[in-house]
Every structure is written in C-alpha cells, then in structure tokens.
Amino acid sequence: MAKMLVEKYHSEVPGTVDELVELPGVGRKTANVITSVIFEQPNMAVDTHVFRVSARIGLTTNAKNVLQAEQQLIANIPKELIHKAHHWLILHGRYTCVARRPKCETCGIRPACKFYKTDMKYIVEKA
Ligand code: SF4
C-alpha cells in the first residue's frame, strides 16, 4: 500500500472512494470512512451498527447487504448531513439501539422509529 501511495498518489491520501479501494487492504467501508471523516464527503460507511439501526428506524427497507443499505441511506439523508449521520447511527447503535435488547424506553427517536411502532411499543408500554 505504501509503495502505491508514494508512486501513484505522490504520498497523498487519495480523496475518492474509487481511488481508495484500489489500495491493497482498503475496502469500501474504510474508503467511505476516510472520505467522509477527512474530506467531509457525503459518503456513508455501513458497519453492523449502522446496518441494524437504519433498518430498525426505517431509514432503509429490506436492504439485503451493506451496499444496498449505503445506497438507501445516501438517498434518504440530506446530503450535507451524511458525513455526520454515520457517527450518529454508530453511536446510537452502540449505546441505545443495541442488538439484543434495544433501550426503547429511553430512546429519543422512538416516535419516529418503525421497529418501535411494529415490535416494541406493546412490550415497553406493558412493562
Ligand atoms: S425506539 Fe428502540 S428500536 Fe427504535 S431506534 Fe430507538 S432503541 Fe432502536
């Protein structure tokens, strides 16, 4: 990777996903992180938290893989917020909308959450 960075990109980190994924060891998720965090481009890295939380909230629908989730999120989130939304979704999935038992009782977005309306509302209100 270092050789390619020096020889092809003159020791600069390239600024597009297409260029970054050419580097050995760099996948689409990493390229999306680099371009959104460093260059504030409207790219969305989808990890396990982002994939799960987006589906629960209803920001994605029937996404079969991370690429479909990424494309739906890009289409549904205002362009200027996409590079920030990546962090919001990760943190929400890590601390509130956790995998096994989402903390719907304390979740600030439950009025807008598809999963809460369809799967959790009865359970939370009954407790
Ligand atoms: S209401 Fe529950 S399922 Fe929906 S985003 Fe919040 S924690 Fe997740």
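Being a predicted model, the structure only gives us computed values, none of them experimental. Just so you know, ligand 1 is whichever comes first in the structure, and atom 1 is the first atom listed for that ligand.
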N32 vs V17, test: side chain to side chain contact (heavy atoms under 4.5 Å, CB included). Steps then yes/no.
CA-CA 6 Å; N32 280 332; V17 170; 3.3 Å; yes
Atoms listed for atom 6 (Fe) of ligand 1 (protein only, N, O or S, under 2.8 Å, no waters) are C107 SG
With sequence neighbours excluded, tell me which residues meet salt bridge (Lys or Arg N to Asp or Glu O under 4.0 Å) with [X].
X	answer
E12	none
K64	none
R28	E70

Around atom CG of N65, are there more than 12 heavy atoms from other residues, nucleotides or ligands closer than 6.0 Å?
yes
Nearest 0.5 angstrom please: L20 CG to Y9 OH, how far?
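Answer for the CG-OH pair, L20 versus Y9, is 7.5 Å.
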